[in-house]
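From a predicted model like this one, the values you see are computed outputs, not experimental measurements. The figures that follow rest on heavy atoms only: side chains count, while hydrogens, waters and symmetry mates do not.
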Amino acid sequence: MSTEEKLTEERLAKAEKLRELGVDPYGGRYDDVTRTATVRKRGETLKLEAGAMVEGERARVAGRIVLQRVMGNLVFLTVRDGTGDLQFGLSKKALRDDWPAIKLLDLGDFIGCDGCLGKTKTGELTLWADSFTMLCKALHPPPAKWHGLKDVELRYRHRYVDLFANPPVREVFRQRSTIIQAVRDYLIRCDYIEVETPALQPIYGGAAARPFTTHHNTLDIELFLRISPELYLKRLLVGGMERVFEVSRNFRNEGLSTKHNPEFTMVELYEAYADYNVMMERVEGMTALAIERLDGNPKRPYGEVVLDYSVPWSRRKYSDLLEEYAGVSMADVAAVRRKASELSIDHAGKDDAVVVNEVFERTVEHHLIQPTFVYDYPAAVCPLTRRHPEDPNIALRFEAFVNGMELGNAYTELNDPRVQEANFKRQLAGENETMAVMDEDFILALEYGMPPAGGLGVGLDRLVMLLTNSASIRDVILFPLQRPR
RNA sequence: GGGGGCGUAGCUCAGUCGGUAGAGCAUCGGCCUUUUAAGCCGCUGGUCGCAGGUUCGAGUCCUGCCGCCCUCACCA
C-alpha cells in the first residue's frame with residue numbers, strides 16, 4: 001500500500017468511528033451560517049478584551065480545517081471559508097459528548113460550530129465552540145500548510161486543491177467575476193441587451209481559425225464549435241436588435257501558450273449607427289468600470305511594467321506604426337517584401353496584404369506596451385469590415401494592444417451584401433486560415449438590410465490577466481486544457 | 001514542430017566526485033486548557049516520471065519515451 005493509500009485508509013477508519021459515535025461524517029444541511037468575514041467585522045465592533053468571551057454574542061460558522069493546534073483537552077482550529085480564516089477554540093469541557101468526535105478531525109475536514117465570540121490571551125478573535133457538527137470528512141491530506149501547493153501541473157490538474165490551499169488564487173477568480181460583471185454592467189448601462197447565439201454552428205465564421213468539429217446524431221450533420229459569434233450577432237442587427245452583446249465561449253483548434261487556450265471567453269458586441277470610434281470608447285469604458293470595481297487605480301503593475309489605463313488610450317494609425325518600426329510604407333509593396341526577406345519571413349506566393357500584416361506583427365506589436373488602439377488595417381485581411389471612404393485598400397478596423405498582446409478587435413461593420421459576398425469569394429494566397437468562409441444565409445440577412453454599425457470583441461481572459469497581473473492565461477482560467485493522464 | 005528547464009515520501013525541498021535514499025510539514029503513538037506554521041518525545045513512510053544502456057555499483061552518466069513549465073515558430 002502506498003503512503004497516500006495508507007493516509008486515505010486512516011481517514012476512512014476515522015469516518016467509520018464517527019458513524020459508531022452516531023455522527024454522519026458527510027453532514028447535511030446546515031442553516032444560518034455566518035461567513036468568517038462578517039464575524040471578523042463584528043469582532044472589531046465588539047471591542048473585545050483579550051481573554052474575554054462575550055456571553056450572548058453568538059455565531060455559527062462553517063468551513064474547512066486548514067490548521068490544527070492540539071493541546072490535550074483544548075484544540076485550536078483555523079477554519080477557512082470563502083471569505084477567509086477564523087480561529088475556533090474547542091475544549092473538552094465545553095463540548096462534553098462531542099469531544100470524542102473532535103479527536104477524529106483531520107486537516108481538510110469541513111466542520112461547523114456554534115459558540116460565543118471571544119479573544120484569546122494573545123488577542124486572536126476566536127469562536128469558542130459549545131456545539132459541533134461534522135460536515136465532511138476529507139480522505140486526502142491538504143498540501144503542506146506553509147508552502148501550499150506549488151507544483152504547477154498539480155495546481156492545474158487539481159485546481160480544487162489549488163483553490164483552497166492557495167488563497168491568492170481564489171482571489172484572482174473572484175476578481176475575474178468582478179471584471180466580467182463590470183463589463184456586463186457597463187454595456188447594460190449603454191442600453192445593450194445580453195443575448196445567446198449558437199455555439200454549435202453548421203458554418204463557422206467571424207474569425208480566422210481552425211474549428212473543432214463535431215457531429216449531431218439525429219440530424220446526421222457535421223457541426224463546428226464556434227470560433228466566433230460574429231455572424232449571428234450581426235443577424236440580430238438585421239432583426240432590429242440595435243445594441244446586443246454576448247459573453248461567448250469560443251473554441252479554436254490551435255496551439256496553447258501563455259496567451260492562448262483552445263477555449264476562451266470573449267465579450268462581443270454590436271451597436272447600430274455606431275462605428276469603430278465608438279467601439280474604442282466602449283473598450284475604454286468597460287475597462288474603466290472594471291478597474292473602478294477592483295481598486296480604482298488606472299496605473300497598474302504588470303510584470304516588470306506599469307500600465308496606464310487612463311482614458312483616452314493612445315490611438316495610432318497602422319501605416320504610421322509600420323513606417324515607424326519597420327521603416328517601410330504600407331503602399332510600397334516592394335519595400336515591404338524586402339523588409340519581409342530581411343526578417344526571414346517566407347513571403348513567396350503570399351498576397352501583399354498578408355505580407356504587410358506579417359511584417360507588422362513581427363516589427364510593431366511587441367512595442368505596443370501601453371494601451372493602444374491601432375486603426376486602419378489593410379483591407380484585404382479584413383473581409384467583414386467596411387472600407388475607408390477615401391481608400392478602398394484600407395479597412396475601418398482597429399485592434400487594441402496592451403503589453404504587446406492583442407486585447408480586442410473592432411470594425412466599422414461592412415453592411416453592403418454585394419461587397420461582403422465578393423469578399424467571401426476571394427481567398428487570399430498565403431493564408432492558412434481565413435475569415436472568408438461563404439455563409440449564404442448571412443449574405444441573405446445583409447440583403448434584408450443591416451444598419452451601419454460598430455462591432456467589437458474583447459478577450460476577457462486577457463483582460464483579466466492584465467488587470468490581475470497574471471502572467472499566464474492558465475492563471476485566469478479555472479480548468480485550462482491539459483493533456484489527460 | 002525547434003531550443004531550454006523541470007520530474008526524489010501525501011506536500012515543500014536537499015541529495016557533493018557514480019558508492020547503504022535524506023530533512024521539514026502531514027500521518028501514527030505519547031505529554032499538554034490560550035496556541036498562532038504551537039511545542040516536546042518517539043515511530044512510520046520511497047517503482048528517485050517510465051523503459052533501456054554503460055558500470056563491480058546509477059537518484060546521479062548515456063539513449064528513447066511520457067508529463068509539465070518557459071521560449072521560438074505556427075495561430076488573431
Side-chain angles (χ1 to χ4, degrees), chain A residues 1-11 13-14 50-53 66-78 85-95 99 106-108 118-126 128 138-158 161-162 165-166 206-210 227-228 230 250 252-262 264 266 344-346 357-358 360-362 365 377 381-382 397 399-401 405-409 431-435 457 459 462 471-472 474-475 480 482-485:
Chain A
M1 195 190 298
S2 71
T3 311
E4 193 170 14
E5 285 165 343
K6 205 185 106 200
L7 292 169
T8 299
E9 287 300 320
E10 284 167 1
R11 284 169 178 246
K14 288 179 182 175
M53 191 185 302
V66 294
L67 290 172
Q68 200 176 16
R69 294 173 290 281
V70 182
M71 260 144 295
N73 293 321
L74 175 64
V75 176
F76 289 105
L77 303 176
T78 302
D85 296 352
L86 181 70
Q87 175 164 276
F88 286 12
L90 294 80
S91 70
K92 184 177 183 180
K93 196 175 171 189
L95 285 162
W99 187 249
D106 285 302
L107 293 179
K119 275 191 177 169
T120 61
K121 278 182 194 171
T122 52
E124 177 86 7
L125 180 65
T126 301
W128 290 104
L139 298 183
H140 296 283
K145 55 193 178 189
W146 188 243
H147 301 283
L149 185 64
K150 286 192 174 166
D151 185 297
V152 177
E153 186 176 351
L154 290 182
R155 285 186 45 222
Y156 296 148
R157 288 192 189 278
H158 305 305
V161 178
D162 188 31
N166 300 325
R210 289 155 63 195
I227 58 173
S228 154
E230 172 151 354
N250 296 340
R252 297 186 184 175
N253 207 337
E254 312 276 358
L256 294 83
S257 80
T258 48
K259 300 178 179 66
H260 299 85
N261 194 62
F264 64 101
M266 292 195 79
S344 18
I345 294 171
D346 176 21
N357 211 34
E358 288 186 16
F360 184 91
E361 286 172 6
R362 278 284 281 283
E365 288 188 0
Y377 273 65
V381 296
C382 312
R397 170 188 189 176
E399 290 195 356
F401 285 90
M405 176 169 73
E406 183 195 339
L407 175 64
N409 180 25
E431 274 191 320
N432 294 324
E433 280 123 28
T434 176
M435 289 189 225
R462 289 179 175 184
S472 170
R474 296 183 199 94
D475 295 328
Q482 301 268 285
R483 186 181 292 279
R485 287 248 251 206

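Spacing between B:rU63 and B:rG39 at atom P, rounded to whole Å, works out to 46 Å. Taking atom P in both B:rC61 and B:rG5, the straight-line distance is 12 Å, to the nearest Å.
Nucleotide B:rG7 forms a pair with B:rC66, judged by Watson-Crick or G-U wobble geometry with both contacts under 3.5 Å. Under the Watson-Crick or G-U wobble criterion, with both distances below 3.5 Å, B:rU33 is left unpaired in every strand shown. Across all strands shown, B:rU54 forms no Watson-Crick or G-U wobble pair with both key distances under 3.5 Å.
Not counting sequence neighbours, A:Asp346 has no partner by the salt bridge (charged side-chain N to carboxylate O under 4.0 Å, His left out) test. In this structure A:Ser228 satisfies the side chain to side chain donor-acceptor pair (under 3.5 Å) test with no other residue, sequence neighbours excluded. The salt bridge (charged side-chain N to carboxylate O under 4.0 Å, His left out) test applied to A:Glu399 returns A:Arg397, not counting sequence neighbours. Applying the side-chain contact (heavy atoms from CB on, under 4.5 Å) criterion to A:Ala94, with sequence neighbours excluded, gives A:Ser91. With sequence neighbours left out, the side chain to side chain donor-acceptor pair (under 3.5 Å) criterion links A:Arg11 to no other residue. A search for side-chain contact (heavy atoms from CB on, under 4.5 Å) contacts involving A:Leu67 returns A:Arg69, A:Thr78, A:Lys145, not counting sequence neighbours. In terms of the side chain to side chain donor-acceptor pair (under 3.5 Å) criterion, A:His140 has no residue partners (sequence neighbours excluded).
Among the heavy atoms of the strands lying under 4.0 Å from A:Lys93 is at least one base atom, whether or not backbone atoms are also near. Heavy atoms of A:Arg474 sit under 4.0 angstrom from primed sugar atoms or phosphate atoms, though from no base atom. As judged by a 4.0 angstrom heavy-atom cut-off over every strand, A:Glu365 is placed among residues making no nucleic acid contact. If you check every strand for non-hydrogen atoms under 4.0 Å, A:Val70 touches a base. Nucleic acid contact for A:His260: base, since at least one base atom lies under 4.0 Å from a heavy atom of the residue. Residue A:Arg252 is classed as a sugar-phosphate contact, given heavy-atom separations below 4.0 Å to backbone atoms only.
With rounding to whole Å, A:Lys119 atom NZ is found 17 Å from B:rU36 atom P. A:Arg362 places its CZ atom 11 Å from the P atom of B:rC72, with the value rounded to the nearest Å. Between the CE atom of A:Met71 and the P atom of B:rC40 there is a distance of 13 Å, given to the nearest Å. Between the P atom of B:rU33 and the CG atom of A:Asn73 lies a distance of 5 Å, rounded to the nearest Å. Remark: C1' of B:rA73 and NZ of A:Lys259 are 14 Å apart, rounded to the nearest angstrom. One can place CD of A:Gln68 at 15 Å from P of B:rC25, the figure rounded to the nearest angstrom. The interatomic distance linking A:His158 (NE2) with B:rG67 (P) rounds to 16 Å, in whole Å.
Phosphate contact (OP1/OP2 of B:rA38, side-chain N/O of A:Arg69, threshold under 4.0 Å): present. In this model, the phosphate group of B:rC75 is not approached by any side-chain N or O of A:Arg210 to a distance below 4.0 Å at OP1 or OP2. In terms of phosphate contacts, A:Gln482 brings a side-chain nitrogen or oxygen within less than 4.0 Å of OP1 or OP2 of B:rC69. Distances shown here put a side-chain N or O of A:Thr258 below 4.0 Å from the OP1 or OP2 atom of B:rU71. A:Arg483 has a side-chain polar atom (N or O) that falls below the 4.0 Å cut-off from OP1 or OP2 of B:rG67.
Between the side chain of A:Thr78 and the base of B:rU36, no donor-acceptor pair of N or O atoms lies under 3.5 Å. You won't find any donor-acceptor pair under 3.5 Å spanning the side chain of A:Ser91 and the base of B:rU33, going by distance alone. Checked by distance alone, A:Glu124 brings no side-chain donor or acceptor within 3.5 Å of a matching partner on the base of B:rU34.
A donor-acceptor pair is defined here as one N or O able to donate and one able to accept, closer than 3.5 Å; such a pair exists between the side chain of A:Glu254 and the backbone of A:Arg210. Proximity of a side-chain donor or acceptor of A:Thr126 to a complementary backbone N or O of A:Glu124 within less than 3.5 Å is detected. A donor-acceptor contact shorter than 3.5 Å is absent between the side chain of A:Arg462 and the backbone of A:Leu407.
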Protein and nucleotides 28-30 of chain B: nitrogen or oxygen contacts under 3.5 angstrom:
{"residue": "B:rC28", "atom": "OP1", "partner": "A:Lys14", "partner atom": "NZ", "Å": "2.4"}

Using a cut-off of under 3.5 Å, enumerate the N/O to N/O pairs linking the protein to nucleotides 9-15 of chain B.
{"residue": "B:rG10", "atom": "OP1", "partner": "A:Thr3", "partner atom": "OG1", "Å": "3.1"}
{"residue": "B:rC11", "atom": "O2'", "partner": "A:Ala144", "partner atom": "N", "Å": "2.9"}
{"residue": "B:rC11", "atom": "O2'", "partner": "A:Gly148", "partner atom": "O", "Å": "3.2"}
{"residue": "B:rU12", "atom": "OP1", "partner": "A:Lys150", "partner atom": "N", "Å": "2.9"}
{"residue": "B:rU12", "atom": "OP1", "partner": "A:Asp151", "partner atom": "N", "Å": "2.9"}
{"residue": "B:rU12", "atom": "O2'", "partner": "A:His147", "partner atom": "ND1", "Å": "3.3"}

task = Check the pair A:Tyr156 / A:Asp151 against side-chain hydrogen bond (donor to acceptor under 3.5 Å, both in side chains), numbers first and verdict last.
result = CA-CA 9 Å; A:Tyr156 296 148; A:Asp151 185 297; over 6 Å; no
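Side-chain atoms of A:Trp146 lie closest to B:rA37 of the nucleotides B:rU71, B:rA37, B:rC68.
Looking at which nucleotide of RNA chain B each of A:Ala207 and A:Lys121 is closest to, the 5′-most match is held by A:Lys121.
For the pair A:Pro262 and A:Leu256, the minimum side-chain heavy-atom distance is below 4.5 Å.
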